[in-house]
There are 2 protein chains.
Amino acid sequence: MEPTPASALVDDTAAAIRARIMSGEIPIGAQLRQAELAKTLGVSRTPIREALRQLQTGGLIEVVPHRGAVVRVPAPWDVRETYEVRAELEGMACERAVSRITGDGLAELRRANDAVRPGAILSDGSSTAANDEFHTLIHGFAGNERLAKVIKEINEAFPRNVSALVLQDNARHREDNFHEHERIIAALETGDAETARREMQAHVLSAGEQLARWYERRSATVFKG
Amino acid sequence: MEPTPASALVDDTAAAIRARIMSGEIPIGAQLRQAELAKTLGVSRTPIREALRQLQTGGLIEVVPHRGAVVRVPAPWDVRETYEVRAELEGMACERAVSRITGDGLAELRRANDAVRPGAILSDGSSTAANDEFHTLIHGFAGNERLAKVIKEINEAFPRNVSALVLQDNARHREDNFHEHERIIAALETGDAETARREMQAHVLSAGEQLARWYERRSATVFKG
DNA sequence: GGAATACCGATTGGATCCAAAAATCTCGAG
DNA sequence: CTCGAGATTTTTGGATCCAATCGGTATTCC
């Protein structure tokens, strides 16, 4: 990590906007008014505009010339496609992690997954954070920074991601999530690369399917009012 | 394709700058002066700045606050890591293509690869274009737009990519390239998904290794003068 | 009464202005 | 002659200005 790279205001601005979209404070499909964002974040429109370009490149928002930016409304088929790719990459990460992970690493994974356990006392957002940490840890153990980066970018391409879903969705999904993580840990411990990949792939695909369904339900609801 | 989405100037500007970097007109490590770019492209600094933010997000350039943007100089280890990811994704595309490709599709691939053949008469850049087309065709046959997009983004993350290398490098590599493509086509024709994936993966990894070596030689040369 | 059109408010987009920061140059001291 | 402090120049960054465009509304014509 850099010791603080003379932080660029526009990057911070982009991060702030992204956070507001990811948290749901700015809802899916919402218009992003430059003047409004500028006032809220206490800067002029210039850094806002540049930040929006960054988010546009990331795919989180769509910008129509002379009409402004809106938070992208992903189509369910896009979610499914994307999670097929994500499953492949996370599977790859998991396979690589098998030969690189240490005993301490396995302990870290178990600790992270404990916070995902349905019974765990979780303040707002902690389940999301815990779920993220579990996956992020594995990306780290894979020992390929680019791989971690690509997965991260993919995850930030949708206004609502799996982590946010795990938190708000029902206990059933949370329990499934927990047990799938356990199976992944088991495979990593055994050292079975093939199984580790397969388990992670299935895990991500199932999560993606939940997310796609969520978007389907959402668009149906929005239609009715 | 859209009938021309009211083309945004900043997107065109970003594309123009990217093209100049990819072609080598703007060399690796070069400073990108906003005023100079503005004059060259005939616009003011405002769209330039937004375009640079887009390229920054893509990873093609690096922006240091108050010091400006430079064309990124990839480290060889980064190239290797990236091509491991690319190999995985292209392998996935190839595997998926097996069950989706048609006879016409195979014909297209053969035609594209004919232009890669060492003996082929190639005007400047045509080998690059042909190599790109071969891969792009397969991405299309994979039937997953997100997958194609991610691979495209990865490919545009380096100022010098494999396609550019294939063209300028020696005949030996070009011939290897051609024969590896042939083996991939054969696997696709046979319908052997496993082999198709493996061949493509090996092909991309070998290309990535060439690219990494190229960057190694380059940095060594630059040091000496 | 309905549809086409012209106007108006709101918002984005490009250009310009000025301040802040960094690199370079100059001058002086050791 | 070298090193360092200060001034100068260059370049980026944020704010602001004005034109271009879009959506909506009202008006007019058929």
Side-chain angles (χ1 to χ4, degrees), chain A residues 2-21 25-73 222, chain B residues 2-21 25-73 222:
Chain A
E2 291 104 32
T4 299
S7 73
L9 177 56
V10 52
D11 290 333
D12 296 346
T13 304
I17 298 174
R18 178 185 290 121
R20 281 162 196 251
I21 293 173
E25 184 183 337
I26 301 176
I28 293 168
Q31 286 269 338
L32 297 166
R33 298 292 175 209
Q34 298 179 357
E36 187 184 336
L37 289 171
K39 195 159 76 71
T40 305
L41 300 178
V43 293
S44 85
R45 274 180 53 213
T46 307
I48 298 288
R49 281 167 67 174
E50 294 182 26
L52 290 180
R53 290 297 176 189
Q54 290 188 330
L55 297 180
Q56 178 194 20
T57 304
L60 189 60
I61 68 175
E62 274 175 357
V63 177
V64 181
H66 284 140
R67 215 179 303 178
V70 297
V71 180
R72 195 163 65 95
V73 183
V222 170
Chain B
E2 290 103 34
T4 299
S7 74
L9 177 56
V10 52
D11 290 332
D12 296 345
T13 304
I17 298 175
R18 178 185 289 121
R20 281 161 196 250
I21 292 172
E25 184 184 337
I26 300 176
I28 293 167
Q31 285 269 337
L32 296 166
R33 299 289 175 213
Q34 297 179 359
E36 186 184 336
L37 289 170
K39 195 159 77 73
T40 305
L41 300 178
V43 293
S44 85
R45 273 179 55 212
T46 308
I48 299 288
R49 281 167 65 172
E50 294 181 27
L52 290 180
R53 291 296 176 189
Q54 290 189 329
L55 297 180
Q56 177 195 21
T57 304
L60 190 60
I61 68 176
E62 273 175 0
V63 176
V64 182
H66 286 285
R67 215 178 303 180
V70 298
V71 179
R72 195 162 67 96
V73 183
V222 170

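- Across every non-hydrogen atom of B:A14 and B:L55, the tightest pair is O-CD2, 3.9 Å.
- Per the geometry, NE2 belonging to B:H66 stands 7 Å off C1' belonging to D:dT12, to the nearest Å.
- Of the residues in residues 33-48 of chain A, A:R33, A:Q34, A:R45 come within less than 4.0 Å of DNA chain C through at least one heavy atom, sorted by number.
- The CD-P distance, from A:E50 to D:dT12, rounds to 12 Å in whole Å.
- Partners of B:Q56 under the side-chain hydrogen bond (donor to acceptor under 3.5 Å, both in side chains) rule, at least two apart in sequence or in another chain, are A:Q54, B:R53.
- Here D:dT12 presents its C1' atom at 14 Å from CG of A:D11, a figure rounded to the nearest Å.
- Among residues two or more places apart in sequence or in another chain, the salt bridge (Lys or Arg N to Asp or Glu O under 4.0 Å) test is passed with A:R72 by A:D78.
- Note: CD (A:E62) to P (C:dT12) measures 16 Å, nearest angstrom.
- For A:Q31 and D:dG24, the CD to P distance is 11 Å, given to the nearest whole Å.
- Residue pairs meeting the salt bridge (charged side-chain N to carboxylate O under 4.0 Å, His left out) criterion with at least one partner in residues 60-69 of chain A, sequence neighbours excluded, do not occur; the list is empty.
- The side chain to side chain donor-acceptor pair (under 3.5 Å) analysis of residues 33-42 of chain B, with sequence neighbours excluded, yields the pairs B:Q31-B:R33, B:Q34-B:R45.
- With sequence neighbours excluded, no residue forms a side-chain hydrogen bond (donor to acceptor under 3.5 Å, both in side chains) with B:R18.
- To the nearest angstrom, P of D:dG13 lies 12 Å from CG of B:L32.
- Taking atom CG of B:L52 as the reference point, atom P of D:dT12 lies 9 Å away to the nearest angstrom.
- OP1 and OP2 of C:dT12 both lie 4.0 Å or more from every side-chain N or O belonging to A:R49.
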